[in-house]
There are 4 protein chains.
Amino acid sequence: MSALSPPSTQDSHNKRERRKEARPGELLQAALELFVEKGYAATRAEEVATRAGVSKGTLFLYFSSKEDLFKAVIQSNLSRHLMAWNQEFEGFEGSSADMLAYGLTSWWTQIGSTLAGGITKLVMSEARNFPEIAAFYEREVVKPGQHLIERILQRGIDQGEFRPLDVHHACMSLVCAMMYLMMWKHSLGPCSAANPSFDPETFLLTHLNTLLNGIRQTSPSGTL
Amino acid sequence: MSALSPPSTQDSHNKRERRKEARPGELLQAALELFVEKGYAATRAEEVATRAGVSKGTLFLYFSSKEDLFKAVIQSNLSRHLMAWNQEFEGFEGSSADMLAYGLTSWWTQIGSTLAGGITKLVMSEARNFPEIAAFYEREVVKPGQHLIERILQRGIDQGEFRPLDVHHACMSLVCAMMYLMMWKHSLGPCSAANPSFDPETFLLTHLNTLLNGIRQTSPSGTL
Amino acid sequence: MSALSPPSTQDSHNKRERRKEARPGELLQAALELFVEKGYAATRAEEVATRAGVSKGTLFLYFSSKEDLFKAVIQSNLSRHLMAWNQEFEGFEGSSADMLAYGLTSWWTQIGSTLAGGITKLVMSEARNFPEIAAFYEREVVKPGQHLIERILQRGIDQGEFRPLDVHHACMSLVCAMMYLMMWKHSLGPCSAANPSFDPETFLLTHLNTLLNGIRQTSPSGTL
Amino acid sequence: MSALSPPSTQDSHNKRERRKEARPGELLQAALELFVEKGYAATRAEEVATRAGVSKGTLFLYFSSKEDLFKAVIQSNLSRHLMAWNQEFEGFEGSSADMLAYGLTSWWTQIGSTLAGGITKLVMSEARNFPEIAAFYEREVVKPGQHLIERILQRGIDQGEFRPLDVHHACMSLVCAMMYLMMWKHSLGPCSAANPSFDPETFLLTHLNTLLNGIRQTSPSGTL
DNA sequence: GATGAATGAGTGTTCATTCAT
DNA sequence: AATGAATGAACACTCATTCAT
């Protein structure tokens, strides 16, 4: 697209080339969708290939095994996931409570309610069988996320907005609601004819407000 | 039963009988361990049998299929407890806050901290592939558990202990912490050299107190 | 039953003894019924034992294997079969045509329409896997039966009732209708909602009359 | 097709393609042989594959199950012939007696004397255990065959060649001889050192002539 | 003799992976 | 590079047979 892109290959080859270069990405995308939908074990390699528009054999040209494909799916999506996460929270101005509310909302919009939410469920489900992925996830996603939230909480304490508290515990109290929503959405949720009036975003904000009510320096009157 | 009954006959009868009666329990225990450790799909029926000290064929003498075994594992480890709790709380005296704290503590002691806690993660992981099990779990575990907690919350509201609130949301705020702990403990937990000073039970009670702080009719001095 | 039966065992033991001596017969009867109904391969040894009112282990006390049981079932029933057959036809007076008609009718009544008819189907179905049984059946049932019919046909020729013909071929033309009925009755018949007005005995006599019409020295007017 | 088309491409394409197109036929042939020889239940799927020169997995590439293979064997060996006969007889010129004789002869040549004749015995043997196959066979083979023969008989009656008769019974009288031959040939036949001078085709025509003698409007001089 | 709990070889079927084309 | 026919190891489940009681 840029005029500065390498013009080494002839234009006539571009369509093919672009196709070739896009292959891994198309396979990863197809695999992500299927793994999230059906789980790792229940997804057949051929399904992934078919959805990506190639043959079974081609899949193994790009990934040496189904396990290798799985790792690539998770890691490539976690990185994307991560970048979005980091950009989102930089340079926010306002009260710490507002920061948390904003963070929760945008997390739900950009991750929880999308395919990315399925990755978390996938990682949790397969962590025991793929320790490398578990370690990667913890290092690259869990730890930075916790750190960010704990910093916001600490900021609230330092500025007298929240009463002194164990930021680690408070962070988990906050985060666990998101985790619960994601697991539910990709496991029992689709199987249960549950209360259709339930709205995840409302629940998240209710949860936050109840917690803030419990940790604020002075209890305000309204709670949602 | 009588001390004078011929011991020889008894014993000869017993060795076989005792085996037979113990088998289902031994198989369920082996299945629980392996399912929690490796996941349902990744556990071979023969492994379960071997760990229980019997042959493959014997497993199918007691459980008609691998899925049936899975259901039995859920039922024997979770349904049982829920029924007991329902009865226990029928005659409970004391504040609703105490009831919740007691419930959380005994849940952690009897389920969360044991292998049975892994079942929740197991069910969540496999729900999409086994809708029947998902339905079974929702009917036998989720619904009764929610019902119990919501009744306690409603009691607190009716007695003026809690301010009026959406019991469904509040129940989820409470429950999600337990879910999070269990998911963590059986997925990323074993792979991470996490903070060793973290104590799940303390976290649960902290979480409860923060929430109670947020929903109580009159804010007490401070409970964190 | 006879007063001369060996009185060696005490009367008090009789019930048990009679039971014990009846066991093989009860097992053979149960096996016959099930083999005829479901075929050899599809009948489980345990089913046979259960129907005979004993346990699985007991079956193998009397028959060393399922195959052995099968052979015993066939051979014991063929003998019975055979005795009936022989007694039936001895000393018949009347025209050869009447002999054939009588023979066909009584064959249908006593064999074709009973469990014994199922044995023929069983033998045909399993002959390739049990050559001994096939040989036994041919020697003890097929050959004598053919011989009898061919003698009757020859008698008809000798007495000028039938025109000269190949008795072997004529015998087969006659017999094949019985075979067809038996096979049908125990294979496709039960699976098809076939013409309910079809009556095997009528068919057999029609078949015979048509053949006799073709065989007789002078064609009579009526043909059934 | 063109003599000038590049032979290299053709060949490289063909070796693989020709295999693929030949596979179903090779598998059907192997299955036919083994099923007829040992029975359906006693033949292992792997044996069929091995005899066809492929691995177990390949069998299931072409037939979705063993039962499906069974059905395909029936269809490719019997249904095909019946359809051809139906068409052939549409334009047949000559007496109905000749039609029947011609039909019997070609049936013996194309089916009765070949392995395909074993299918009838196979179906009869397994019908009770595979009702779906029984229904399939009745629909695809029995019904069309009966219909064809009954039409010919009716034609003979309408044209004054045969005396009025019950075409259903007459059809069975005719057909039962073929059935008997096939059952015999694939059950007791191989086990017995039977009369080597016996010729099935001659028997069939003798049988037909005897019946025709019995059903013709005017008895001719003698046909046996 | 009788039992029935236990066994383990055997079967149909699936699916990740290979490799000739 | 791409294909897709072929493979064969793996797995859930069955059932004839054994043997301790």
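In the text below, chain A, chain B and the rest are named by the order of the sequence lines, each starting its count at 1.
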Novice: How would DNA chain E look in dot-bracket form, 5' to 3', counting Watson-Crick and G-U wobble pairs with both distances under 3.5 Å and writing | for bases paired to another strand?
Specialist: .||||||||||||||||||||

Novice: Within this structure, what is the CZ-CZ distance for the pair C:Phe70 and C:Phe63, rounded to the nearest 0.5 Å?
Specialist: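 Rounded to the nearest 0.5 Å, the CZ-CZ separation comes out at 13.5 Å.
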
Novice: For F:dA2, does either OP1 or OP2 sit under 4.0 Å from a side-chain N or O belonging to A:Tyr62?
Specialist: yes

Novice: Between the side-chain atoms of D:Lys56 and the base atoms of E:dG10, is any donor-acceptor pair under 3.5 Å?
Specialist: no

Novice: Taking CZ from A:Arg44 and C1' from F:dG4, how many angstroms apart are they, rounded to a whole number?
Specialist: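 A:Arg44 atom CZ is separated from F:dG4 atom C1' by 14 Å.
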
Novice: In whole angstrom, give the distance that lies between atom OH of B:Tyr40 and atom P of F:dC11.
Specialist: 14 Å

Novice: Using atom NZ of A:Lys66 as one end and atom P of E:dC15 as the other, report the distance to the nearest whole Å.
Specialist: 9 Å

Novice: Just how far, in rounded Å, is C1' of E:dG8 from CG of B:Leu59?
Specialist: 14 Å

Novice: With nearest nucleotide decided by heavy atoms, which residue, D:Ala45 or A:Ser65, maps closer to the 5′ end of DNA chain E?
Specialist: D:Ala45

Novice: Figure out the CD/P separation between A:Glu46 and E:dT18, and round it to whole Å.
Specialist: 16 Å

Novice: Which ones in residues 121-129 of chain C lie close to DNA chain E, meaning a heavy atom under 4.0 Å from one of its atoms?
Specialist: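 Contacts with DNA chain E under 4.0 Å: none.
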
Novice: Can you measure from CE (D:Met124) to CE (C:Met124) and round to the nearest 0.5 angstrom?
Specialist: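 Rounded to the nearest 0.5 Å, the CE-CE separation comes out at 11.0 Å.
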
Novice: Look at D:Thr58 and F:dT7 and indicate whether a side-chain polar atom (N or O) is within less than 4.0 Å of OP1 or OP2.
Specialist: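 Looking at the OP1 and OP2 atoms of F:dT7, one of them is under 4.0 Å from a side-chain N or O of D:Thr58.
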
Novice: Is the NZ or CZ atom of C:Lys71 both under 6.0 Å from the centre of the six-membered ring of C:Phe130 and within 45° of that ring's axis?
Specialist: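 No, cation not above the ring by the 6.0 Å, 45° rule.
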
Novice: Return whichever of D:Gly57 or B:Leu61 has its heavy-atom-nearest nucleotide of DNA chain F closer to the 5' end.
Specialist: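 On the 5' side of the pair lies D:Gly57.
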
Novice: In whole angstrom, give the distance that lies between atom NZ of A:Lys38 and atom C1' of E:dC15.
Specialist: 12 Å

Novice: What is the distance, to the nearest angstrom, from the CZ atom on D:Phe60 to the P atom on F:dA10?
Specialist: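 Rounded to the whole Å, the gap is 18 Å.
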
Novice: Whole Å only: how far is the CZ atom of C:Phe70 from the P atom of F:dC15?
Specialist: 18 Å

